[in-house]
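Throughout, protein chains are lettered first and strands after them, A, B, ... in sequence-line order, and every chain is numbered starting at 1.
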Amino acid sequence: MLEGDEEAKILAGGHSLIPLLKLRLVQPSQLVDIARLPGLSYVREDNGAIAVGAMTTHFDVERSGLLMDALPLLPLTAATIGDVQVRNRGTIGGSLAHADPAADLGAAALALGAEFVAEGPAGRRAIPAQAFFVDVLTTALEPAEVVVEIRFPKPAGRVGADYLKFNHRAIDWAIVGIASWLVFDGDVVSDAAVGLTALGSTPLRATGVEQLLRGQKWSRDLAQAAAQRASDGLDPLSDRHGSAAYRLHLARVLTERSLIAAAARAGQQ
Amino acid sequence: MTETLPISVTVNGTEYRYEVEPRLLLVHYIRDILNLTGTHVGCDTSNCGACTVLLDNRSVKSCTLLAVQADGCDVTTIEGLAGEEGLHPVQRGFWEEHGLQCGYCTPGMILSAVQLLQRNPEPTDDEIRSGIEGNLCRCTGYQNIVNAIRWAAERLREAEASQTAKQ
């Protein structure tokens, strides 16, 4: 139904698209509701990776024991999205494919090295997270392609995760959000990834922070020093919720707190 | 747009079949077609939660769903909560603990509380507050709503215990 109609839109949970429809910000030629397609809601181990079906709701991600054990960053992030009703209905694939830079899951997907499995008339292909997010509300998906699964490599080692969001009120969009993902070997940070929400036109990685952490013995001083680099090279928006300078300040402060919280979840003080 | 689609939705145990425009929101289907006006429209922007209903036993904001998305689903509105034995324990809790003033948010607030207690029969006050994070009240300051939900949780646990004792 999508072929040859670039104005058609796919409707998943509808919690990004329907608000835009109501504001007349988008006027699709057709809406294709994929909620009833069977077999797109699951979390499972698959060939050494964790595979999450695109129509898995935020609530199901939040409550998945498999994810909480293997990839706690994902449920911790999902639990901060909107409110109960939004998480009951909104889906991981829908939110990521919508690609709002203030949406929380993008930072987590980037930090976790996700791979997007897209299906379209030309068949199936995998898109790495780094290539998936192109611009505000724009992804590498072709007009007739649909995200059917998101795959995450299983980490080897003791992991600690945290998603820390600064917003006006509990249910608001992030002014800044930080996704921290640490892998420990003893008390050494063997791998680190930090995803950034609402600090650019797409979700981003704080590569400077990650470089400073990798291979180092964990300490709060290390977190503090690394967090200073969280704002390197960023060019965020100024809007009524905060100036660019304020967002850069928040990036550094929240990164430090988020790293410390992530390490604490891995038993590192 | 005059095109319509046939949908079948079971609301409070009764199956309804109507032809609706694809753009019709679920809340307008419930209020304007089924005449169940207990479900309120507050903000119409998925913030306030006044339009909360249960869709296949999950709380949703019916202003952020198209009626056609509910085709084949089970919907519970505030009108469907009371049973033969009278008001639902959450409704009684709001009565006993003065959990409402103007009442506008109450139907949505009660359905969010029902969802919370289904998932967590013994919530702490913090968990109650998290459970109603998607519902705004501009009268009560929330404390009496928290009291009402705690009251209902206790009654539901008592009922559960006496049920188990009988068996």
Query - chain B contact via A:Asp33 - side chain, backbone, both or neither, heavy atoms under 4.5 Å - result: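 The side chain, not the backbone.
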
Report task. Sort A:Leu21 into side chain, backbone, both or neither according to what part of it lies under 4.5 angstrom from a heavy atom of chain B. Result ->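 No part of A:Leu21 comes within 4.5 Å of chain B.
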
Query - Which atom of B:Gln69 lies closest to which atom of A:Arg36, heavy atoms considered - result: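 Closest approach of B:Gln69 to A:Arg36: O-NH2, 2.9 Å.
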
Query raised in the report: Do you know the tightest heavy-atom contact between B:Pro22 and B:Glu3?
Result: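 Residues B:Pro22 and B:Glu3, closest heavy atoms: CD-O, 3.3 Å.
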
Contact class of [X] relative to chain A, heavy atoms under 4.5 angstrom:
X: B:Ser130; value: backbone
X: B:Leu116; value: neither
X: B:Thr52; value: side chain

Query raised in the report: When heavy-atom pairs shorter than 4.5 Å are enumerated against chain B, which of A:Leu23, A:Leu17, A:Asp60 gives the highest number?
Result: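 Looking at each option in turn, the highest pair count goes to A:Asp60.
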
Requested in this report: Walk me through it: do A:Glu145 and A:Glu119 pass the test side-chain contact (heavy atoms from CB on, under 4.5 Å)?
Outcome: CA-CA 5 Å; A:Glu145 271 185 328; A:Glu119 203 166 292; over 6 Å; no

Report task. Measure from the side-chain N and O atoms of A:Arg265 to the backbone N and O of A:Gly160, and report whether any donor-acceptor pair falls under 3.5 Å. Result ->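 Side chain of A:Arg265 to backbone of A:Gly160, a donor-acceptor pair under 3.5 Å: no, none is there.
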
**Report entry** Geometric class of the A:Phe132/A:Phe116 ring pair [parallel <30°, tilted 30-60°, perpendicular >60°]
**Finding:**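 Geometry flag for A:Phe132 against A:Phe116: parallel rings.
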
Query raised in the report: Would you say the side chain of A:Met55 lies within less than 4.5 Å of the side chain of A:Ile34, judging by non-hydrogen atoms?
Result: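 Yes; the side chains approach each other to less than 4.5 Å.
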
Query - Most contacts with chain A, counted as non-hydrogen pairs under 4.5 angstrom, among B:Leu66, B:Thr45, B:Asp71, B:Asn135 - result: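 Ranked by contacts with chain A, first place is B:Asp71.
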
